[in-house]
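Take a look at the structure set out below.
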Number of protein chains: 2
Amino acid sequence: MTSQRLAIYRYLIGTDSHPTADDIYQALQKQFPTMSPATVYKTLELLVDMGLITELGFGDSANRYDGNPGLHLNLICVHCNGIADLDEPLLARLAEQAAAAAQFEIMRGRHEFYGLCASCRKELERSASQSPSRQTAG
Amino acid sequence: MTSQRLAIYRYLIGTDSHPTADDIYQALQKQFPTMSPATVYKTLELLVDMGLITELGFGDSANRYDGNPGLHLNLICVHCNGIADLDEPLLARLAEQAAAAAQFEIMRGRHEFYGLCASCRKELERSASQSPSRQTAG
DNA sequence: TTGTATGCAAATTGTTTGCATACCC
DNA sequence: GGGTATGCAAACAATTTGCATACAA
């Protein structure tokens, strides 16, 4: 266990921003100016394998990482790209039922809803009322 | 709407194998020998945007696509990499609760459990009993 | 001292882009 | 006939790899 690994892990559990590997790399530049991206990637893989963190993969961009390894929902805003965690008791029951129904042995899960967060929703409503693009024009 | 697009869409809704873009490209080689990977990617993006298919993104390998656009679980076997769909009524309730709890407007979701499918589980149990790696060796 | 994590840079892979031609409507 | 999807190949970006050195135990 090295100080780089510890720092990466600490950074992840200390933030709720769900950073990308590069975000982490950037953030730790001050602390470890010589640290390479490869180290970040290797460490993240290690932590995922150990079950200490969760990987949130997106097809079209960089992976993001979640310091919370437990079963929870991720609410991902398609407008601001923010990710909020939400603990939802129903998830545990969902896991039970799925395991029973399919004889599946669950090791971990990933649960994401994509949509609009509260603040983006408000923002969009506001701008929509300011410029009503195509009301049945007169 | 072109025949390539139709073929890609048809292939996706006609299979439960959750193929990668390249799988689709390979599978349609006989039908469209001149089709390029770019066409597959462009079409998949289009279909995702239209809400007709779902993208299952993985950080460490190629994205896979799901012809089933509805709310359902994906049970992903970490041993054979198989993906099974599972309709689970609880998911709808989960979505409602999450939306209410976080004032979040859900557009779509992605729900994955990682673990061992039934057949891999049996297979592993069998091989484990054949070579009991480290029983209290007495 | 011994094993292993680091850091570097190049390689790999999945995916996207720009543009001319062919095709659908 | 007009617009647009296709196909090609090059560009791109995220991630992984190999290997010598530095570090932790």
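First the proteins, then the strands, lettered A, B, ... as listed; each starts at 1. Not measured: the values here are computed from a predicted model.
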Applying a 4.0 Å non-hydrogen cut-off, can you work out what B:Gln4 is touching in the nucleic acid: base, sugar-phosphate, or nothing? sugar-phosphate
Select one nucleotide: of C:dG14, D:dT17, D:dT15, the one nearest the side-chain heavy atoms of A:Ala62. D:dT15
Choose from D:dT15, C:dT6, D:dG7 the nucleotide whose nearest atom is closest to any side-chain atom of A:Thr43. C:dT6
How long is the line joining CG of A:Asp49 and C1' of D:dT16, in whole Å? 14 Å
Applying the side-chain hydrogen bond (donor to acceptor under 3.5 Å, both in side chains) criterion to A:His18, which one of A:Asp85, A:Asn81, A:Asn68 satisfies it? A:Asp85
Within this structure, what is the OH-to-C1' distance between B:Tyr25 and C:dT15, rounded to whole angstrom? 14 Å
Mind calculating the distance between CD (A:Glu45) and C1' (D:dA14) to the nearest angstrom? 14 Å
Using the side-chain heavy atoms of A:Ala38, tell me which of these nucleotides is nearest: C:dT16, C:dC8, D:dG7. C:dC8
Can you tell me the distance, in whole Å, between the CZ atom of A:Phe32 and the P atom of D:dC23? 12 Å
Qualifying residue for side-chain contact (heavy atoms from CB on, under 4.5 Å) with B:Phe32, from B:Met35, B:Gln29, B:Lys30: B:Met35
Could you state the CD-P distance from A:Gln31 to C:dG7, rounded to the nearest angstrom? 12 Å
Per side-chain hydrogen bond (donor to acceptor under 3.5 Å, both in side chains), A:Asp66 is matched among A:Asn74, A:Thr15, A:Thr54 by A:Asn74
Just the rounded figure in Å: distance from P of C:dA5 to CG of A:Leu46. 8 Å
Tell me whether the rings of B:His111 and A:Phe113 are parallel (<30°), tilted (30 to 60°) or perpendicular (>60°). perpendicular
At under 4.0 Å between heavy atoms, what does B:Thr2 touch on the DNA or RNA strands: base, sugar-phosphate, or nothing? sugar-phosphate
Counting only side-chain nitrogens and oxygens, does B:Thr34 get under 4.0 Å of the OP1 or OP2 atom of D:dG7? yes
So, does B:Arg5 get its side chain near the phosphate of C:dC24, meaning an N or O under 4.0 Å from OP1 or OP2? no
Within the pair B:Asn63 and C:dT15, is there a side-chain N or O less than 4.0 Å away from OP1 or OP2? yes
Could you say whether B:Tyr41 or B:Ser3 is positioned toward the 5' end of DNA chain C, judged by the nucleotide with the nearest heavy atom to each? B:Tyr41
Nucleotide C:dT4, atom P - distance to CG of A:Leu6 in whole Å: 20 Å
Among C:dA5, C:dG7, C:dG18, which nucleotide sits nearest the side chain of A:Thr39? C:dG7
Atom CE of B:Met1 to atom P of D:dA5: distance rounded to whole Å? 9 Å
Keeping the roles fixed (side chain from A:His79, backbone from A:Cys77), state whether a donor-acceptor pair exists under 3.5 Å. no
